[in-house]
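Scroll down for the structure; my scribbles are underneath it.
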Amino acid sequence: MLYKLLKPIREYKRNAIIGPFFVALEVVMDVIIPYLMAKIIDIGIARSDTRAIWIIGIGLFISAVLSLVFGIISGRNAAVASSGLAKNLRQDMYRNIQTFSFGNIDKYSAPSLITRLTTDVANVQNAFQMLLRILVRAPLMLVFSLLMAFKVNADLSLVFLATAPVLAVGLFFIVHHIEPIFQKVLRTYDRLNTVVRENLRGIRVVKAYVREDFETDKFKTVSNSIYLDYSRAEKLLAINQPLMQFCLYTCMLLLSWIGAHLIVSNSMSTGQLMGLITYAMQILNSLMMLSMVLMMVTMSRASAERIVEILDEKAQIHNPDNPITTVKDGSVRFVNVDFGYGGSERAMALQGVNLDIEAGKVIGVIGGTGSGKSTLVSLIPRLYDVTRGEVRVGGVDVRAYDLKTLRDAVAMVLQKNVLFSGTVRSNLLWGNENATDDEIREACRLAQADSFIEAMQQGYDAPVEQGGSNFSGGQRQRLTIARALLKKPKVLILDDSTSALDSKTDEAVRDGLRTKLPGVTQFIIAQRISQVMHADAILVLDCGKVDGYGSHDQLVEENTIYREMFRSQMRIGDDTTMEDAKGEAEKSGTGTSVRQEALADAAH
């Protein structure tokens, strides 16, 4: 784990080496200073030797200045190295997250990933900076001070060793009990981020249903859980400071009492006692610093494990050896396809799907909630891999394609339309970064987005706020459709992507896609039959299985589920013949009145 955490140091390796080196030099100067102070007392002051006082005093001044300079250099390099490590860790984690398939992302919640990229990395950064300085300084200071103390008076220096077992037992007790607490706190932080994220994304719903108090209480519950856990940890950590002070003052008292007797018996000089007391301070401060590092490492260990978990995660979907880089056409074939999320074979989302769709066909996909509509089309661009069977595009198993090639050939407008902060143009260029202005305008015209874009003062350079919050739902849907069209795909998937459009705009979009995209295979997932009844074929899914496949007329006659949906949405009574109903639907063009549209939207 340590290797994986330190590997991202890369270009900051030099700073990570320079920092500890100058820390060592700083320690040497700090250890020399008490020795020189003892000499001033014993040689200069005791003997009234002014020349010795000046010479040793100048040495003291130079040592202090050098200690300051070395400390500044080491501190600066340690800060640069730790900040650089944090930056590279975030970049490496984010880069790896970008390779994740939907299966990998389902494994980790979005709030958890955010916590790992922020809080966990910050914990590791702080721990690394302490390691570069304090973990180098404290042991060196401890060893050098002990050596100097034994040089001054070996017998009296044994006092320091008496405190070691007390400190060791105390630190072990604290570390053993706080590590599980910090692991729990990080998991609670994930929950806190989930609550905040849900609230901010659904703030309109919260306001509409006047649920501010409920959301506040929910946040307070999670926040209070973090407070209680941190309080427990801080209570344990609070033991450390009194324990260290107890050992420090005990040593000071013993040194003063024993040292006074030795001075009276002329076995020790006053300067030596002063030096020993100073070294006692340095030794016990070193132990205190080591305990702080130990606490910080304990706190950051859980964060380090969570970071390494992301760095080690391998994408479930990746390029094959010698991938195919050309998609011949938009034909799609499902061969005995079974699929379960997370590879589960006990709860299959799709079972035994067999379909053969020629290039250029328009396929409607109908089914109840949870029937597997979105799952089915997600297999085409390999957002997920099948559990069993094959999905073929252009006659080739999708697992044999280069991922970029395949996904460039398949444009997908998801159920949840997403826009990114920037401008209208920058969002559209996601479809094709080299698209010309004419191509952008043509795509927007087909998506019926050109009218509202050109009506804005800045047109295609109009700003888009985060998530596209400054656009209506219907406008966002039309922009995402235009973005998909700019890819000039061989397969176009519209996953309930016109649900927010009025009937007239919806019909205009469907007509444009049907007539202006020859050779492009289209999958139109919809809740309303009026949106798919003119498709070349309609697929009816029920509980992950194909319940029917054929034209609108065939399904009305032969498929029970489709016929019941048609009757319900067209408001057909039992005394109305299907021929009369179809005639009314054809006459209206869409098969729904404004009242029926509202009813369908409410059902949706």
Side-chain angles (χ1 to χ4, degrees), residues 324-337 339 350 353-367 372-386 389-415 431-432 439 442-443 446-447 477 480-498 506-507 509-526 529 531-541 546 548-552 554-555:
I324 297 172
T325 56
T326 303
V327 179
K328 183 178 69 174
D329 56 42
S331 61
V332 178
R333 188 178 181 191
F334 288 77
V335 183
N336 300 320
V337 168
F339 174 77
L350 294 172
V353 177
N354 285 281
L355 293 170
D356 195 351
I357 300 163
E358 297 177 6
K361 295 296 184 180
V362 178
I363 308 299
V365 184
I366 285 284
K373 303 184 297 296
S374 297
T375 301
L376 179 82
V377 296
S378 294
L379 300 178
I380 299 173
R382 281 194 79 193
L383 300 180
Y384 294 98
D385 267 343
V386 296
E390 289 183 4
V391 177
R392 299 175 185 170
V393 175
V396 177
D397 190 330
V398 293
R399 290 170 291 193
Y401 281 114
D402 172 71
L403 275 173
K404 185 177 186 304
T405 298
L406 174 65
R407 291 175 181 172
D408 279 343
V410 180
M412 193 168 186
V413 184
L414 299 170
Q415 258 181 327
N432 178 6
E439 289 173 329
E442 176 62 16
L446 284 177
Q477 285 189 337
T480 53
I481 292 172
R483 181 173 65 192
L485 294 177
L486 279 171
K487 292 181 73 173
K488 298 180 180 178
K490 290 182 169 62
V491 178
L492 175 63
I493 299 170
L494 303 176
D495 188 354
D496 203 17
S497 54
T498 59
D506 181 18
E507 184 181 359
V509 170
R510 286 187 282 112
D511 286 345
L513 297 179
R514 187 166 51 246
T515 59
K516 300 295 184 180
L517 298 177
V520 176
T521 306
Q522 299 179 42
F523 288 83
I524 303 174
I525 298 176
I529 286 179
Q531 295 177 310
V532 298
M533 61 189 299
H534 297 294
D536 296 315
I538 301 169
L539 173 66
V540 181
L541 289 175
V546 176
Y549 183 71
S551 67
H552 170 72
Q554 288 175 320
L555 293 174

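In what follows, every heavy atom counts, from backbone to side chain, and hydrogens, waters and symmetry copies are set aside.
Although no hydrogens or angles enter the test, the distance criterion places a donor-acceptor pair under 3.5 Å between the side chain of K373 and the main chain of G367. Side-chain atoms of N354 come within 3.5 Å of backbone N or O of N336 as a donor-acceptor pair. With T521 contributing its side chain and G360 its backbone, the two residues share a donor-acceptor pair below 3.5 Å. Between the side chain of R407 and the backbone N or O of R382 there is at least one donor-acceptor pair closer than 3.5 Å.
Using a 4.5 Å cut-off on side-chain heavy atoms (C-beta onward), V362 and R510 make no contact. Counting only heavy atoms from C-beta outward, the side chains of I324 and T405 never approach each other to under 4.5 Å. Under the 4.5 Å side-chain criterion, counting only non-hydrogen atoms from C-beta, L350 is in contact with L379.
With rounding to the nearest 0.5 Å, the separation of CD1 in I525 from CD1 in I366 is 9.5 Å. Interatomic distance, OG1 of T480 versus CG of L485, reported as 9.5 Å (0.5 Å rounding). From R333, atom CZ reaches atom CG of L355 across 10.5 Å, with rounding to the nearest 0.5 Å. The line from OG of S378 to CD1 of I493 is 7.5 Å long, rounded to the nearest 0.5 Å. With rounding to the nearest 0.5 Å, the separation of CG in D506 from CD in Q477 is 9.0 Å.
Under the ring-ring contact (aromatic ring centres under 6.0 Å, His included) criterion, Y384 pairs with F102, F339, Y341, sequence neighbours left out. The salt bridge (charged side-chain N to carboxylate O under 4.0 Å, His left out) test applied to D536 returns no partner, not counting sequence neighbours.
For the residue pair E439 and K488, the shortest heavy atom distance occurs at OE2-NZ, 2.7 Å. Across all their heavy atoms, Y549 and D356 have their closest contact at OH-O, 4.4 Å. The two residues A535 and I538 have their closest heavy-atom pair at CB-CG1, 4.4 Å.
Using a 4.0 Å cut-off between a side-chain N of Lys or Arg and a carboxylate O of Asp or Glu, K404 and D402 do not qualify as a salt bridge.
Remark: of the listed residues D495, V410, I380, I380 is the sole one forming a side chain to side chain contact (heavy atoms under 4.5 Å, CB included) with F523.
Within 6.0 Å of the CD atom in Q554, the count of heavy atoms belonging to other residues, nucleotides or ligands exceeds 12.
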